[in-house]
Amino acid sequence: MQYLLLVYLEPSAQPTDDAAIREMFDEYRVFTRSLQESGMFLGGEALQDVANATSVTVRDGRRLVTDGPFAETKEHLAGFYLIEAPDLDAAIDAAARVPDAKIGTVEVRPILDMA
């Protein structure tokens, strides 16, 4: 079954000094490599800062485009992994290994099979 691991972070919780940023990137490289080697990795990316987001809604046939995220929240979507896991427990185990799970939240969402 496929799962999306959504990584949410509070911008103020992210490291700011170069050494801590390099360490976090190294942890992500190791984590991503472990998913690839296990065959779980299907895709994933880090996202640009929420300040670069654009939200789109359509109401009564009219498109409304606004800068920034749709919802005002402390935590913002920072990135994601699409994985293949045998069950929810395995997906949760993977989510617990996401480096930013130590300072943010990783939401595990099963992919809806539309076939």
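We're numbering straight along the sequence, starting at 1.
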Enquirer: Going from CG on Asp93 to CG on Asp87, what distance comes out if it is rounded to the nearest 0.5 angstrom?
Expert: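 Separation between the atoms: 8.5 Å.
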
Enquirer: Do Tyr3 and Arg109 have side-chain heavy atoms sitting under 4.5 Å apart?
Expert: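 A side-chain contact under 4.5 Å is absent here.
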
Enquirer: How far does CG of Leu77 sit from CG of Leu6, to the nearest 0.5 angstrom?
Expert: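 Interatomic distance, Leu77 CG to Leu6 CG, rounded to 0.5 Å: 6.0 Å.
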
Enquirer: Do Glu107 and Glu75 touch side chain to side chain, with heavy atoms closer than 4.5 Å?
Expert: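 Not touching, per the 4.5 Å side-chain cut-off.
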
Enquirer: Hey, any chance Met1 and Met40 share a hydrophobic cluster, counting ILVMFWY side chains that come within less than 4.5 Å of each other, even indirectly?
Expert: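 Result: yes, single cluster for both.
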
Enquirer: Under 4.5 Å between any side-chain heavy atoms of Ile111 and Leu82, yes or no?
Expert: yes

Enquirer: Check whether any side-chain heavy atom of Val106 sits under 4.5 Å from a side-chain heavy atom of Asp100, and report yes or no.
Expert: no

Enquirer: Assigning hydrophobic clusters by single linkage (Ile, Leu, Val, Met, Phe, Trp, Tyr; side-chain heavy-atom cutoff under 4.5 Å), is Tyr8 placed with Leu5?
Expert: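 No, no single cluster joins them.
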
Enquirer: Measure up the Tyr81 and Tyr28 rings against each other and bin them: parallel (under 30°), tilted (30 to 60°), perpendicular (over 60°).
Expert: parallel

Enquirer: Where do Gly104 and Leu9 come nearest, in terms of heavy atoms and distance?
Expert: CA-CD2, 3.8 Å

Enquirer: Determine whether Phe41 and Leu88 fall in the same hydrophobic cluster, where Ile, Leu, Val, Met, Phe, Trp and Tyr are linked whenever their side-chain heavy atoms lie under 4.5 Å apart.
Expert: yes

Enquirer: Can you tell me how far the CD atom of Gln36 sits from the CZ atom of Arg29, to the nearest 0.5 Å?
Expert: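 It is 12.0 Å, given to the nearest 0.5 Å.
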
Enquirer: So, taking the atom named CD in Glu37 and the one named OG1 in Thr32, what distance separates them when rounded to the nearest 0.5 Å?
Expert: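 One gets 11.0 Å once the value is rounded to the nearest 0.5 Å.
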
Enquirer: Are Val7 and Val50 in one and the same hydrophobic cluster, where Ile, Leu, Val, Met, Phe, Trp and Tyr link if side-chain heavy atoms are under 4.5 Å apart?
Expert: no

Enquirer: Quick one: are Ile83 and Leu42 in side-chain contact, heavy atoms under 4.5 Å?
Expert: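 No, too far: nothing below the 4.5 Å cut-off.
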
Enquirer: Between atom CG of Asp60 and atom CZ of Arg62, what is the distance when rounded to the nearest 0.5 Å?
Expert: 8.5 Å

Enquirer: Decide yes or no for His76 and Leu47: does some side-chain heavy atom of the first lie under 4.5 Å from some side-chain heavy atom of the second?
Expert: no

Enquirer: Can you see which heavy atom on Ala101 is nearest to which on Ala96, and at what distance?
Expert: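 Closest approach of Ala101 to Ala96, heavy atoms only: CB-O, 4.2 Å.
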
Enquirer: Under 4.5 Å between side-chain heavy atoms, counting indirect links through other Ile/Leu/Val/Met/Phe/Trp/Tyr residues: same cluster for Phe31 and Met24 or not?
Expert: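 Yes; tracing contacts between hydrophobic side chains, which count when under 4.5 Å, links both residues.
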
